[in-house]
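For reference, the structure is listed below as structure tokens.
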Amino acid sequence: MTSELAALPDLMPALPEILLAVGAMVLLMIGAFGGPRTSQMVTGLAVALLIIAGAILLLSPGGTVVTFNGAFIQDPFSRLMKILVLVGSGVALAMSVGFSRVEKFETIEFPVLILLATLGMMMMLSANDMIAVYLALELQSLALYVVASIKRDSTKATEAGLKYFVLGALSSGMLLYGMSLIYGFTGQTSFAGIAEALHTDEAGIGAIFGLVFILAGLTFKISAVPFHMWTPDVYEGAPTPVTAFLAAAPKVAAMGLIVRVVFGAFEPFDSQWQQVIIFVSMLSMVLGSFAAIGQRNIKRLMAYSSIGHMGYALVGLAAGSAAGVEGVIIYMIIYVVMTLGAFAAILSMRRKDGMVESIDDLSGLSKTDLPMAFLLSVIMFSLAGIPWMGGFFGKFFVFLAAVEAGLYPLAIIGVLASVVGAYYYLRIVKIMFFDDPAPVFEKTSVELRLVLVLCGLFVFSMVVFIGPIRAMAEAAAKSFF
């Protein structure tokens, strides 16, 4: 009996995940037995669960804890990124309330699926073993495939979900193939075991092939080029609250997982994975900047914008240093705030006959709703990287890390891509302030206005916040060095 008890894993590090798993099952039962009338209550309870999980993470002791036979790790990096994921999920879920009410989109499945996807993301950030990586990734992905096509009477939403599913299955296959190669050449699935085997140089070229396939599967999840093709169609076709969710939390989780995999399992192969990351980063920045220029649909524009921003974040990772990881963390924090703020504005683009998504619908907004026009302009300036907005500091730290690592061509391409990308962000500002007014939008709900104000103020006042954010990022980056 004593030996059995001794074999039980320490469950405390995984308490937030256990809370979300049990909570999601309970909410599913409430919804199943209570019917559609309980949808608002289920959504409220789901947001409360996300807040409680975040509070547990904030109050948990520092340091690094490994449990579940080495498959689950809780360290400063995973804690910070998990809190960011919970913020992204919670805000996206809160922003869906008004949309659900007006669009008759009140389903009990939506908040439950968001919880399950968030659970998968948190497990991704703590995965310390290839099998744990795959289980977490699939839990997140399967929930996201359903969420993307949850509006069943919409052809565009169904098409978006199907494209996401087919291409996601392809990426999962590539990831699994890479994992099988790594296991075949190292005989290990744990990150520590793989790193040790690679240090002895027994794996050879087969492990490099495995690394490339694993990175291909993971870069799909952050929609980096050349695995970006699903992003514009899914962003446009999915209901807007779902797009807001897809653009924020899953990107943080996938980026965190890539950082953990390359520094945990493939640290001996740093020169090999750096080449892959540099290549993907360059392509993402360039395509994200140029492909968005001709977009007239604001959700498609945000899709290409997201591809570009993931490229900028990867610049920090390509540096392969503590400063680089710090830059990635700072960039992802600022990216989530900018994205949620932008989608709060997009969700406010409603007229009597329904939602509108064309950039031209923002025409003359400063004359009909000056506060919204001002806050959206602040967010667009930040996305463009205009000094001294939030986005400027994000780019500054990743480019600085690249320069310190001697990656001058990558930093130069990043700066040039930023200049090109600034065009389509500033065009939106020009349309809002200098074009003739379009018909007025409906009154914005309180939660959307609150998110827009908070996000706008955050990126506008980044000079005040950058010190504490940098300190947190520095502490989190030390988890790998």
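Just so you know, these numbers come straight off a predicted model, no measurement behind them.
Between the side chain of N128 and the backbone N or O of G70 there is at least one donor-acceptor pair closer than 3.5 Å. Side-chain atoms of S306 never come within 3.5 Å of backbone atoms of M302 as a donor-acceptor pair (strictly under, hydrogens ignored). Formation of a donor-acceptor pair under 3.5 Å by the D361 side chain with backbone atoms of S358 is found in this model. Judged by distance alone, the side chain of S78 and the main-chain N or O of Q74 form no donor-acceptor pair under 3.5 Å. Proximity of a side-chain donor or acceptor of T231 to a complementary backbone N or O of A303 within less than 3.5 Å is not detected. In this structure, the side chain of S382 does not engage the main chain of V378 through any donor-acceptor pair within 3.5 Å. Under the 3.5 Å distance criterion, the side-chain polar atoms of S126 are left unmatched by any main-chain donor or acceptor of M123.
Minimum interatomic distance between A475 and P76 (heavy atoms only, all atoms of both residues): O-CB, 3.9 Å. Summarising the geometry of A473 relative to I330, their closest heavy-atom pair is CB-CG1, 3.7 Å, with the distance given to 0.1 Å. Residues L376 and M432 share a closest heavy-atom pair of CD2-SD, 3.7 Å. Nearest heavy-atom pair, I278 versus A318, reported as atom, atom and distance to 0.1 Å: CG1-CB, 3.7 Å. Nearest heavy atom pair, residue A417 against residue Y312, reads C-OH, 3.3 Å. The minimum heavy-atom distance between A438 and D360, with the atom names listed, is CB-O, 4.3 Å.
Legend: side-chain hydrogen bond (donor to acceptor under 3.5 Å, both in side chains) pairs involving residues 276-287, not counting sequence neighbours: none detected. Here salt bridge (charged side-chain N to carboxylate O under 4.0 Å, His left out) pairs that include residues 320-338, with residues two or more places apart or in two chains, are E326-R470.
By the 4.5 Å heavy-atom criterion applied to side chains, L383 and I379 are counted as neighbours. Between F77 and R260, the closest side-chain pair of non-hydrogen atoms falls below 4.5 Å. Using a 4.5 Å heavy-atom cutoff, the side chains of N297 and I359 are not in contact. Residues V336 and V252 are in side-chain contact: their nearest non-hydrogen atoms beyond the backbone lie under 4.5 Å apart. For the pair P16 and K82, the minimum side-chain heavy-atom distance is 4.5 Å or more. For the pair Q140 and L119, the minimum side-chain heavy-atom distance is 4.5 Å or more. Contact check for S100 versus Q40: no side-chain heavy atoms found under the 4.5 Å cut-off. Counting heavy atoms from C-beta outward, V262 and E267 have side chains that stay 4.5 Å or more apart.
Atom CG of residue L58 and atom OG of residue S60 lie 7.5 Å apart, to the nearest 0.5 angstrom. Between L257 atom CG and M81 atom CE the span is 10.0 Å, to the nearest 0.5 Å. For the atom pair CZ (R350) and CZ (F441), the distance works out to 11.0 Å, reported to the nearest 0.5 Å. Atoms CG and CD1, from L407 and I413 in turn, are 11.0 Å apart once rounded to the nearest 0.5 Å. To the nearest 0.5 Å, atom CG of residue L144 and atom CD of residue E138 are 10.5 Å apart. Put simply, CD1 on I307 and CZ on F227 are 13.0 Å apart, with the number rounded to the nearest 0.5 Å.
Taking E447 as the reference, nothing meets the salt bridge (charged side-chain N to carboxylate O under 4.0 Å, His left out) condition, with sequence neighbours excluded. Every residue two or more places apart in sequence or in another chain that forms a side-chain hydrogen bond (donor to acceptor under 3.5 Å, both in side chains) with Y331 is listed here: H309. For the side chain to side chain contact (heavy atoms under 4.5 Å, CB included) test, residues two or more places apart in sequence or in another chain that qualify with P268 are A195, L198, H199. Residues satisfying the ring-ring contact (aromatic ring centres under 6.0 Å, His included) test with Y425, not counting sequence neighbours, are none. Here F110 pairs with F105 under the ring-ring contact (aromatic ring centres under 6.0 Å, His included) rule; sequence neighbours left out. Residues that satisfy the salt bridge (charged side-chain N to carboxylate O under 4.0 Å, His left out) test with R79, not counting sequence neighbours, are absent from this structure. Partners of F481 by ring-ring contact (aromatic ring centres under 6.0 Å, His included), not counting sequence neighbours, listed by chain and number: F263. Contacts of V403 classified as side chain to side chain contact (heavy atoms under 4.5 Å, CB included), with partners at least two apart in sequence or in another chain: Y408, A411.
Residue-environment remark: CZ (F290) stays at or below the threshold of 12 foreign heavy atoms within 6.0 Å. Applying the 6.0 Å contact sphere to CZ of F68 captures more than 12 heavy atoms from other residues, nucleotides or ligands.
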Residue pair K251, L246: steps toward the side chain to side chain contact (heavy atoms under 4.5 Å, CB included) verdict: CA-CA 7 Å; K251 298 291 174 71; L246 290 173; over 6 Å; no
Could you walk me through whether S141 and K221 satisfy the side-chain hydrogen bond (donor to acceptor under 3.5 Å, both in side chains) test, starting with their C-alpha distance in whole Å, then the side-chain angles of each, then the deciding distance to 0.1 Å, before giving a yes or no? CA-CA 9 Å; S141 299; K221 303 301 177 187; 3.1 Å; yes
Apply the test side chain to side chain contact (heavy atoms under 4.5 Å, CB included) to residues L314 and M255: give CA-CA distance (whole Å), side-chain angles for both, the deciding distance (0.1 Å), then the verdict. CA-CA 8 Å; L314 287 173; M255 186 63 76; 3.9 Å; yes
M130 vs F191, side chain to side chain contact (heavy atoms under 4.5 Å, CB included): CA-CA, chis, key distance, verdict: CA-CA 7 Å; M130 287 299 178; F191 289 0; 4.0 Å; yes
Assess the residue pair S223 and M229 against the criterion (side chain to side chain contact (heavy atoms under 4.5 Å, CB included)); give the C-alpha distance rounded to whole Å, side-chain angles, the decisive distance to 0.1 Å, and a yes or no. CA-CA 8 Å; S223 62; M229 64 289 288; over 6 Å; no
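Ionic pairing of K299 and E357 is present here: one or more N-O contacts between side-chain nitrogen and carboxylate oxygen are shorter than 4.0 angstrom. A salt bridge does not link R427 with D435: every distance from a Lys NZ or Arg NE/NH1/NH2 to an Asp or Glu carboxylate oxygen is 4.0 Å or more.
Taking the six-membered ring wherever Trp is involved, the centroid distance between the rings of W273 and F266 does not fall below 6.0 Å.
Side-chain polar atoms of S321 and E404 form no donor-acceptor pair below 3.5 angstrom.
Between W388 and F392, the angle of the ring planes goes over 60°, which puts this pair in the perpendicular group of the 30/60° scheme. Ring-plane geometry between Y164 and Y145 is classed as perpendicular, the angle between the planes exceeding 60 degrees on a 0 to 90 degree scale with a lower cut at 30.
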Can you give each donor-acceptor pair under 3.5 Å made by side-chain atoms of residues 83-99, sequence neighbours left out, with the distance rounded to 0.1 Å?
| residue | atom | partner | partner atom | Å |
| --- | --- | --- | --- | --- |
| S89 | OG | V85 | O | 3.1 |
| S89 | OG | T118 | OG1 | 3.0 |
| S96 | OG | L93 | O | 2.6 |

Show the atom names and distances, to 0.1 Å, of all donor-acceptor pairs under 3.5 Å that link a side chain in residues 452-468 to residues at least two apart or in another chain.
| residue | atom | partner | partner atom | Å |
| --- | --- | --- | --- | --- |
| S461 | OG | L457 | O | 2.8 |

